[in-house]
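Okay, so here's the structure we're looking at.
These numbers were taken from a predicted model, which means no experiment stands behind them. In what follows, chains are A, B, ... by sequence order, proteins preceding strands, each numbered from 1.
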There are 2 protein chains.
Amino acid sequence: MKEYITIKDLAGKLGLSIGTVSKAFNPNYSDISVSTRNRILKTARELGYVPNPFARKLLKKQTLNIGIIVPEFLHSYFSEVIFSAQEAFLQQGYQTLIMSSNEDSDLEMENIKTLMNHMVDGLIISVTKTSKNHEFLNNIIQSGLPVVQFNRVSDLVDAPKVIFNDYKWAVFATEHLIEQGCRNLVHLGLSKHIPLGKQRILGFRKAMDKHQLPYSEDQIVEAGITIADGEAAMTRLLDRGIIPDGIMAAGDPLAIGAMKILKRHDIHIPSQVKVIGFTESALAKVVEPELSSISQPTSKIGKLISQILLDQIAGKPMEKSVHLIDGKLNIRESSTGLPIQ
Amino acid sequence: MKEYITIKDLAGKLGLSIGTVSKAFNPNYSDISVSTRNRILKTARELGYVPNPFARKLLKKQTLNIGIIVPEFLHSYFSEVIFSAQEAFLQQGYQTLIMSSNEDSDLEMENIKTLMNHMVDGLIISVTKTSKNHEFLNNIIQSGLPVVQFNRVSDLVDAPKVIFNDYKWAVFATEHLIEQGCRNLVHLGLSKHIPLGKQRILGFRKAMDKHQLPYSEDQIVEAGITIADGEAAMTRLLDRGIIPDGIMAAGDPLAIGAMKILKRHDIHIPSQVKVIGFTESALAKVVEPELSSISQPTSKIGKLISQILLDQIAGKPMEKSVHLIDGKLNIRESSTGLPIQ
DNA sequence: TTGTAGGCGTTATCAA
DNA sequence: TTGATAACGCCTACAA
């Protein structure tokens, strides 16, 4: 490490004591004359002095480090949320440590421990689908560490949650297809271990029931998450002779996988089958026909989770433990037949 | 911040001095009996003691912080490289601070300053296309901070570079189209301010010359970077009556934008026009027909840049200042007419 | 083999 | 309004 200017150097150069110099950098000290403060600040700038953050962190009982753990980076969703949160934290002087669990509960545990060793002042986590770490997390929370969950949340973990209103928007997505004339719908779902996947299923059921459309359990399939998963699920459906006239997928990749198979079987989208995705990604505008989807305000979510964590750190009383986020229905050709600009 | 166990607590519990306890955690101290070391380590584990990293950072002349600055997160390329590098750093005990300049030279300067204030031990940077910060960066380097450049590099900055062999692979990409029978090629390029964009242009020229194919300057267009840029560039070409039989794009989004316009004009891909992209992304397998492209080993690049920086920090002599990375030509339907699995 | 004490750069308390 | 000094938790000569 290169040599840095210290407060002592600065004090020496100015003929002041280090105590006085220190006060100049701490705005909540008023017992220092404006002129000396300015003099100190001026030469500090000239010399390129910056207070050593580690000395500060050692003394104060906070590290100004925040940990963020997400299950994957496959969907751009997570990078978008994270970088928005990171920006907010940095503005408040907090550093962010980002880790990916890669959908592995054990690695998730490792990540949590690593972050604890770095003495983070707070933790934001989106758990893996088979997370077995709720007990450990609760211990941490009990011990006083502020934690916020988002997206993939667990009811077993006692920390505030920021989640998309999956139920509501799954209803909207399904109803959109019904409005377009679909009667024989299929839902391509995520793993049933993921609560938000369950909400999307419930939303699908709700819409079907509301419009009195009959459906069998075969029409709700646990497909997975990737394009390949979507392909496999669609293939299984076709093999069993199930040809829907509408597909409501719990994710864009699933929808795109299904579309690939349909096209391979010369089943036309959207005239024969209409398709809608979820958690819109850049892929939606690339696939053909362009995919209708539900977009989530990732930037807003990032800001919100950082704000809630910061509030907790500041000791503000929590207003509510569940924050429900709304999205947007983006209608494109895959569900209407109309090319929309 | 919650209360942490300190070395003093541990020493008290064990009836030892803090000095002895400290040595137990420092492997290069041999003047401590194996039995007491084990005893210390055991109770440390039981009590959940971890050395306070900030006290350590204050004492030692290093912060164990690394800064990474990238121009954008639009392409998954950057997230992939970064997370691979971060993993490598974390294994060596280094924290990573990631910042995006959002293609803005001023913000880039801010980012550099922020990271300097966090006293990073090293900096990895991929500069913005209009970066005006080479002088500032050189000052930092002069002052002793290890710096590594990657992807978007500047010859004006005196730091080792890790770059893709854009020239070579641009030749390959172009020759691939020529081998497929294309004679009237067009190159959709990045901004001319980006050196790697220039290399791709040179590669294109080289391949054309080598195969004695004539071309005008109109066939090398500075398109931009996004899908919309690709659309605009292709539209301009068609308006001027230029219909190529092959398109070599400097990025997947550009290729996809061009494909959109071609399809809108009922120009068939690949029978009438063959297309190849660059820096393969997830989009390549979603667009129709699937896009041939050049993939870069992002994970390997991440590992390499971290290794080079770590070596510099350790004071090892640098072997070479430019590291050239090779990629892979992934041939798909857009350039051949053959659906490839 | 173990213990002691000074110091890393900062802030906070109290005295001047 | 300014200055002196004791912490924060750790490492490391050096002494015991």
Side-chain angles (χ1 to χ4, degrees), chain A residues 1-41 43-44 47-65 93 95 116-121, chain B residues 1-44 47-65 93 116-121:
Chain A
M1 186 164 101
K2 45 176 261 197
E3 291 302 317
Y4 285 94
I5 311 255
T6 74
I7 204 170
K8 215 182 279 177
D9 300 332
L10 195 54
K13 197 82 78 181
L14 284 161
L16 289 167
S17 78
I18 58 165
T20 316
V21 174
S22 172
K23 284 173 194 164
F25 290 95
N26 232 319
N28 42 333
Y29 275 94
S30 48
D31 61 343
I32 175 175
S33 77
V34 184
S35 63
T36 46
R37 165 167 275 155
N38 286 340
R39 201 158 65 92
I40 292 168
L41 260 34
T43 44
L47 267 58
Y49 165 77
V50 213
N52 183 322
F54 303 105
R56 215 175 226 170
K57 288 171 190 201
L58 178 58
L59 196 55
K60 309 262 211 153
K61 286 297 193 179
Q62 52 172 347
T63 66
L64 297 176
N65 277 173
Q95 277 182 47
M116 299 309 293
N117 290 355
H118 281 290
M119 298 187 166
V120 290
D121 288 339
Chain B
M1 184 167 101
K2 44 176 267 203
E3 290 302 318
Y4 285 94
I5 310 254
T6 75
I7 203 170
K8 214 182 280 177
D9 302 331
L10 194 54
K13 198 82 75 180
L14 285 160
L16 290 167
S17 78
I18 59 166
T20 315
V21 174
S22 171
K23 284 171 195 164
F25 289 96
N26 232 317
N28 43 333
Y29 272 93
S30 47
D31 60 344
I32 176 176
S33 76
V34 185
S35 64
T36 45
R37 166 166 275 153
N38 286 340
R39 201 158 65 92
I40 292 169
L41 260 34
K42 181 160 165 284
T43 43
L47 267 58
Y49 166 77
V50 211
N52 183 324
F54 303 104
R56 220 174 220 171
K57 287 172 191 202
L58 178 58
L59 197 57
K60 308 263 208 155
K61 285 299 193 178
Q62 52 171 347
T63 65
L64 297 175
N65 278 173
M116 299 308 293
N117 289 355
H118 282 289
M119 298 187 166
V120 290
D121 288 339

Please walk me through it: do A:T6 and A:L10 pass side-chain contact (heavy atoms from CB on, under 4.5 Å)? CA-CA 7 Å; A:T6 74; A:L10 195 54; over 6 Å; no
With a 4.5 Å heavy-atom cut-off, do B:V50 and B:Y4 have their side chains touching? no
I need the CZ-P distance between B:F54 and C:dG7, as an integer number of Å. 25 Å
Does a nitrogen or oxygen in the side chain of B:Y29 sit under 4.0 Å from OP1 or OP2 of C:dG3? no
Among C:dG9, C:dT11, D:dC10, the one nearest A:S22 by side-chain distance: C:dT11
Over how many whole Å does the gap from B:N52 atom CG to D:dC11 atom P extend? 9 Å
Residue set satisfying side-chain hydrogen bond (donor to acceptor under 3.5 Å, both in side chains) with B:S22, at least two apart, ordered chain then number -> none
In whole angstroms, the gap separating C1' of C:dC8 from NZ of B:K57 amounts to 15 Å
With B:K57 as reference, evaluate B:N52, B:N65, B:D121 under the side chain to side chain contact (heavy atoms under 4.5 Å, CB included) test and give the passing residue. B:N65
When we call it a touch if two heavy atoms are under 4.0 Å apart, what does A:F25 touch: a base, just sugar-phosphate, or nothing? nothing
B:K23 NZ to B:S30 OG distance, which is reported to the nearest 0.5 Å: 10.0 Å
Taking D:dC11, C:dT11, C:dG9 as options, the one with an atom nearest any side-chain atom of A:K60 is C:dT11
Just to verify, which of B:D9, B:T43, B:I5 counts as forming a side chain to side chain contact (heavy atoms under 4.5 Å, CB included) with B:Y49? B:I5
Spatial distance of atom CZ (A:R56) from atom CZ (B:F54) [nearest 0.5 Å]: 13.5 Å
Check the interface with nucleotides 3-6 of chain D: list each N/O to N/O pair with the protein under 3.5 Å, or write none.
from, atom 1, to, atom 2, distance (Å)
D:dG3, OP2, A:S17, N, 2.9
D:dG3, OP2, A:S17, OG, 3.4
D:dG3, OP2, A:T20, OG1, 2.7
D:dG3, O6, A:K23, NZ, 2.6

Euclidean distance, atom CG of residue B:L58 to atom C1' of D:dA7 [Å, nearest integer]: 13 Å
Measure the shortest side-chain to side-chain distance between A:R39 and A:L16 over non-hydrogen atoms and say whether it is less than 4.5 angstrom. yes
Are A:T63 and A:Q95 packed together at the side-chain level, in the sense that at least one heavy-atom pair is separated by less than 4.5 angstrom? no
B:N26 side-chain proximity, nearest of D:dC11, D:dC10, C:dT2: D:dC11
Just to confirm, is there a sub-4.0 Å distance from OP1 or OP2 of C:dG9 to any side-chain nitrogen or oxygen of A:R56? no
Atom CG of B:L64 and atom P of C:dC8: how far apart are they, to the nearest Å? 19 Å
To the nearest Å, give me how far apart CG (A:D9) and C1' (C:dC8) are. 13 Å
note: A:L59, atom CG; C:dG7, atom P; distance rounded to Å ~ 18 Å
The helix from C:dT1-D:dA16 to C:dA16-D:dT1: angle between terminal helix axes, five bp per end, to the nearest 10 degrees, reads 50°
Can you tell which of C:dC8, D:dG9, C:dT2 lies closest to the side chain of B:S33? C:dT2
Assuming nearest nucleotide by heavy-atom distance, tell me which of A:I5 and B:S30 is located more 5' along DNA chain C. B:S30
In whole angstrom, give the distance that lies between atom CZ of B:R39 and atom C1' of C:dT2. 12 Å
Between A:R37 and A:L41, is there a side-chain heavy-atom distance shorter than 4.5 Å? yes
